[in-house]
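The structure under discussion appears below in the form of structure tokens.
A note on names: the letters A, B, ... follow the listed sequences, proteins ahead of strands, and every chain is numbered from 1.
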Amino acid sequence: MARYIAKRLVLLIIIIIFVSIATFFLVHLLPGNPATTILGPNSTPQNVATVNKQLGLNKPLWQQYFIWIGHVFQGNLGQSFTTHQTTTSIIAQSFPIDLELIIFSQIIAFAIAFPMAMAAAKRPNRLFDQASNSTTFAMLALPPFVIAPVLVLIFAVHLHVFPGPASYVPITQDFWSNIHTMLLPSIVLALGSIVVYFRLLRNDLISTLQEDFITMARSKGLTDRRIMWRHALRPSSISLLASAGVTIGSLIAGTFIVELLLQMPGLGYQLISSVNQDDYTVVQGITLFVAVAIVLINFIFDFLFTIVDPRIARE
Amino acid sequence: MSGRRLLEVEDLNVTFATSRGDLRAVQGVSLTLDQGKTLGIVGESGSGKTVLSRAIMGLLPRASTTQTGSVRYDGTEILNAPNADLRKLWSTHIAMVFQDPMTSLNPVQRIGHQITEPLRIHLDVSKSEAKETALSLLMQVGIPSPVERYDAYPGQLSGGMRQRVMIAIALACAPRLLMADEPTTGLDVTVQAQILDLLGQLQHDRDMAMILVTHDLGVVATRTDEIIVMYAGNVVERAPTNVLFKSMAMPYTEALLESMPRIANPSHTRLTAIEGRPPDLLHPPTGCPFAPRCPYAQDKCRSEKPPLLEATPGHSYACWFPLTAGDRRPDPEPSQTVTA
Amino acid sequence: MSSVITDDLAEIKEEVAADAAADRTTKKKLGVFFWVCASFIVIVALLATFASLLPLPNPNLGNYSSVQNGGPSWSHLLGTDDLYRDILSRLIYGARVSLVVGFGGALIGLVLGGVPAMISAYRRGRVDTVLNTTSYVFLAFPAIVAVIAIVSFWGHTLWKITLIIGIFAAPLIFRVVRASTLSYATRDFVLAAKALGASDTRILTREILPNIMPTVVSFGLIAVATIIVLEGSLAFLGLSVQPPTPSWGNMLNEGSSLLTGAKGQTNPWLVIFPATAMFLLLFCLNVVADKLRAYFDVTEIKL
């Protein structure tokens with residue numbers, strides 16, 4: 001177990017170093033000089049040189065990287081050229097929105113996908129199973145950027161059940177109206193997760209329920225409910241956890257889309273506005289933050305694996 | 001108490017509905033078992049012995065099987081009984097030791113939990129009492145340092161140890177009837193003997209009845225009171241153990257005996273496997289199901305299915321030309337096509 | 001003896017499974033649904049390719065004598081947008097973006113990921129270990145974030161987007177192709193070909209490639225769908241092909257910004273039609289991939 005975690009930790013560090021290098025060179029190796037970008041149309045060779053010097057852009061690239069990474073470790077991700085806000089404070093302001101969206105949507109997704117998968121797996125190929133199977137198959141073709149505008153059209157514009165865009169209220173200000181504004185985007189995000197969770201869990205449950213140890217559990221005189229919850233669910237959650245890496249990526253994409261659509265000042269909204277303003281330090285900072293966050297989340301899920309299924313760490 | 005009739009199975013039929021037709025896995029099986037006694041069910045793979053044992057317990061999936069006949073436990077009919085009723089019997093009255101200790105224990109639950117679970121559910125004991133019982137059970141089944149094993153996962157134990165754990169689970173609620181389905185398959189020969197001896201001893205101590213399902217006549221030879229030999233879903237011979245080995249009637253039983261490894265033989269001696277394969281249960285042959293593989297088969301065997309008849313008290317077999325009949329059968333005649 | 005040891009219940013399970021397999025072989029057809037979906041994709045592709053030959057109004061120029069944000073009518077079958085442009089025409093031209101990025105990106109991914117994967121899995125050794133670990137590291141990097149960052153610095157032209165997405169699809173395709181090649185690289189027929197002195201290139205192209213083709217094709221189509229979603233998301237965020245060039249993603253973006261009243265107008269059709277088009281295309285791709293997978297008996301690919 002300790003060795004397994006140590007191995008994963010080494011890989012984690014390698015990945016984070018890679019992510020930081022990639023994020024750094026992403027900006028610096030691509031055509032176009034940041035200085036010209038900052039100065040915009042009124043750039044002259046002289047002021048480009050000044051800006052380069054100011055930003056340390058005249059030093060060798062590897063030196064720039066170490067300077068940058070040194071700053072990152074001090075919590076300094078640079079400053080916005082447009083608003084002069086520090087990237088760290090932008091992230092601190094906007095990240096809670098993403099976090100809330102993700103947590104909220106995942107609660108909804110789990111609350112729906114788990115009972116649905118268990119009901120379907122209990123009687124495979126029967127009516128409920130087939131209906132939920134084909135529905136979720138169709139929903140695979142409904143990514144957030146397709147379904148979100150449609151749901152806004154129906155529920156916000158026509159039925160007025162949920163508030164429209166730009167009505168975000170911070171949770172600290174008014175809890176219930178915050179929840180109210182969060183509901184629609186969370187449902188959009190949850191839909192995608194439900195599809196993935198349901199399909200993975202259903203398939204795994206069906207094969208787990210055919211295992212010998214389930215017959216054994218039955219022979220102990222346990223109720224079906226107990227067998228499902230206590231014996232079948234845990235060994236069936238592996239692919240679900242394994243998919244977390246892919247899920248979290250598309251979840252992030254989804255949050256960006258709903259934030260832009262509903263004008264909620266989360267990380268995605270900030271990232272896109274910075275992109276549109278060529279605010280490269282902020283883009284770099286947010287990219288690094290999101291990438292590292294996703295890598296860390298994957299690591300945590302890897303770790304959860306070993307708790308859910310002790311077989312993994314041994315293999 | 002010994003001698004009381006615990007289990008009575010009459011004309012049990014189990015049919016699996018498959019899309020290519022009905023698969024008759026168990027056909028008209030009857031048997032009885034008294035308290036404290038051991039019944040051996042012997043047969044090759046595909047003979048229906050596992051299906052029979054699961055049908056007796058009521059563990060077969062209802063949706064895909066049809067089960068007719070009667071299974072009475074202690075006088076109560078339990079065949080096709082509602083699951084809720086069966087659950088009250090399972091563990092506390094009837095328990096099963098499964099074939100494969102590698103796959104039959106839940107890989108993600110600790111050993112201790114798997115043993116205490118039936119105790120907590122059926123007997124309403126406290127957590128600490130259950131743990132105490134579990135530890136003493138682990139001791140009884142011969143697991144060294146039970147306190148450490150209690151918190152282990154199945155993957156951390158050897159096959160033999162896992163089988164012992166399975167026995168501990170089965171015995172947790174002190175059942176009166178223990179079904180052991182190939183309890184030693186896949187284990188080392190020395191471990192096999194240990195497990196079987198353990199089962200025998202525990203059975204004796206607790207005055208349990210036991211059904212020992214196996215492919216190995218050697219396993220049941222010294223450990224059972226009565227033996228049922230199954231072939232292609234049918235009982236082909238049934239006799240008290242000593243009678244069976246003294247005067248086996250069915251060529252199939254003989255073939256099974258010959259396919260058994262013997263201590264006398266040096267290890268790695270080639271075994272005489274039974275020629276051919278068991279019949280396709282979807283399309284069983286018209287006559288005796290064993291006829292195609294039987295060295296003594298005659299025309300009658302291929303055209304007419306022999307009924308299971310009691311020849312001497314307690315000894316029944318289904319064979320037209322039993323080995324016990326004084327005239328050792330003639331060499332197989334040149335076979336002629338028989339119209340069904 | 002070995003036949004004696006196995007459990008007879010397992011045997012019955014096998015019988016039932018063999019049964020189901022027999023069912024599948026007898027019914028081994030792609031089915032009407034497959035052909036309907038495949039035809040839809042082909043029709044969309046044909047329309048997009050020959051859009052300029054069709055009697056369609058210019059997708060980028062509005063006709064100011066038409067209605068603004070008009071609903072479906074005879075003159076504009078799917079209505080018009082806020083700039084008086086014909087929605088049908090924009091949809092058909094917009095399909096080009098999705099299809100080029102989708103199929104082009106998947107093709108790039110196959111070349112960059114699939115080819116090394118085959119060689120790597122066939123040769124094994126240190127190179128394989130390095131490439132394999134690299135693909136893990138790459139996969140840990142969230143594609144969407146990286147693509148947003150790159151595209152925003154590098155540019156929004158069609159070929160750049162296709163190339164970038166293709167590069168980011170490569171590690172995933174690498175993994176799938178590698179796993180699939182591995183399962184064949186040690187089979188008897190490959191060893192036999194080796195013994196006969198066949199060159200590695202020949203073994204890879206003649207022995208292994210035909211066998212992994214079903215996996216490659218059905219996974220390739222899934223990759224196409226995934227890439228189309230990625231491009232659509234980028235376009236929705238305003239980071240793909242820039243207006244006035246239509247793409248389904250940027251149409252949805254415009255439609256929703258109208259919906260949400262940013263410009264004081266609403267045009268539900270500008271959401272409904274691109275959303276439906278996107279749904280149908282993705283759905284058909286999924287169906288075709290899924291049916292092919294079932295037809296070739298490729299075990300479900302877990303992402």
Quick check: are there more than 12 heavy atoms from other residues, nucleotides or ligands sitting under 6.0 Å from CZ of A:F301? no
Between A:L271 and chain C, which part of the residue has a heavy atom less than 4.5 Å away: side chain, backbone, both or neither? side chain
Chain A contact via C:L282 - side chain, backbone, both or neither, heavy atoms under 4.5 Å: both
Any A:I257 side-chain heavy atom under 4.5 Å of C:S233 side chain: yes
Heavy-atom closest contact (A:V275 atom, C:L239 atom, distance): CG1-CD2, 3.5 Å
For C:F138, I'd like to know if atom CZ has over 12 heavy atoms of other residues, nucleotides or ligands within 6.0 Å. no
Rounded to the nearest 0.5 Å, what's the gap from OG1 on C:T133 to CG on A:L11? Could you check? 8.0 Å
A:L251 side, atom CG; C:I144 side, atom CD1 - distance, nearest 0.5 Å: 12.0 Å
I'd like to check C:I148 versus A:F256 (side-chain heavy atoms, cut-off strictly below 4.5 Å). Are they in contact? yes
Against chain C, work out which of A:I14, A:V295, A:V19 has the most heavy-atom pairs shorter than 4.5 Å and name it. A:V19
Need one label for C:V151: side chain, backbone, both or neither, based on atoms under 4.5 Å from any heavy atom in chain A. neither
Is any side-chain heavy atom of C:F283 less than 4.5 Å from a side-chain heavy atom of A:L142? no
Over all heavy atoms of both residues, which pair between C:S256 and A:L261 is shortest? Give the atoms and the distance, please. CB-CD1, 3.2 Å
Calculate, to the nearest 0.5 Å, the distance between atoms CG and CD1 belonging to C:L237 and A:I272 respectively. 4.5 Å
Contacting moiety of A:A22, where chain C heavy atoms sit under 4.5 Å: side chain
Heavy-atom pairs under 4.5 Å with chain C, option from A:P143, A:A138, A:A291 with the top count: A:A138
For A:K7, is the NZ atom crowded, meaning more than 12 foreign heavy atoms sit under 6.0 Å from it? no
Nearest 0.5 Å, what's the CH2-CG distance between C:W269 and A:L153? 9.5 Å
A:F145 vs C:F236 aromatic rings, parallel, tilted or perpendicular, using cut-offs 30° and 60°? tilted
Around atom OH of A:Y269, are there more than 12 heavy atoms from other residues, nucleotides or ligands closer than 6.0 Å? no
Please look at A:V150 and chain C and tell me whether the side chain, the backbone, both or neither of the residue comes under 4.5 angstrom of a heavy atom of that chain. both
Where on C:I272 is there a heavy atom nearer than 4.5 Å to chain A: the side chain, the backbone, both, or neither? side chain
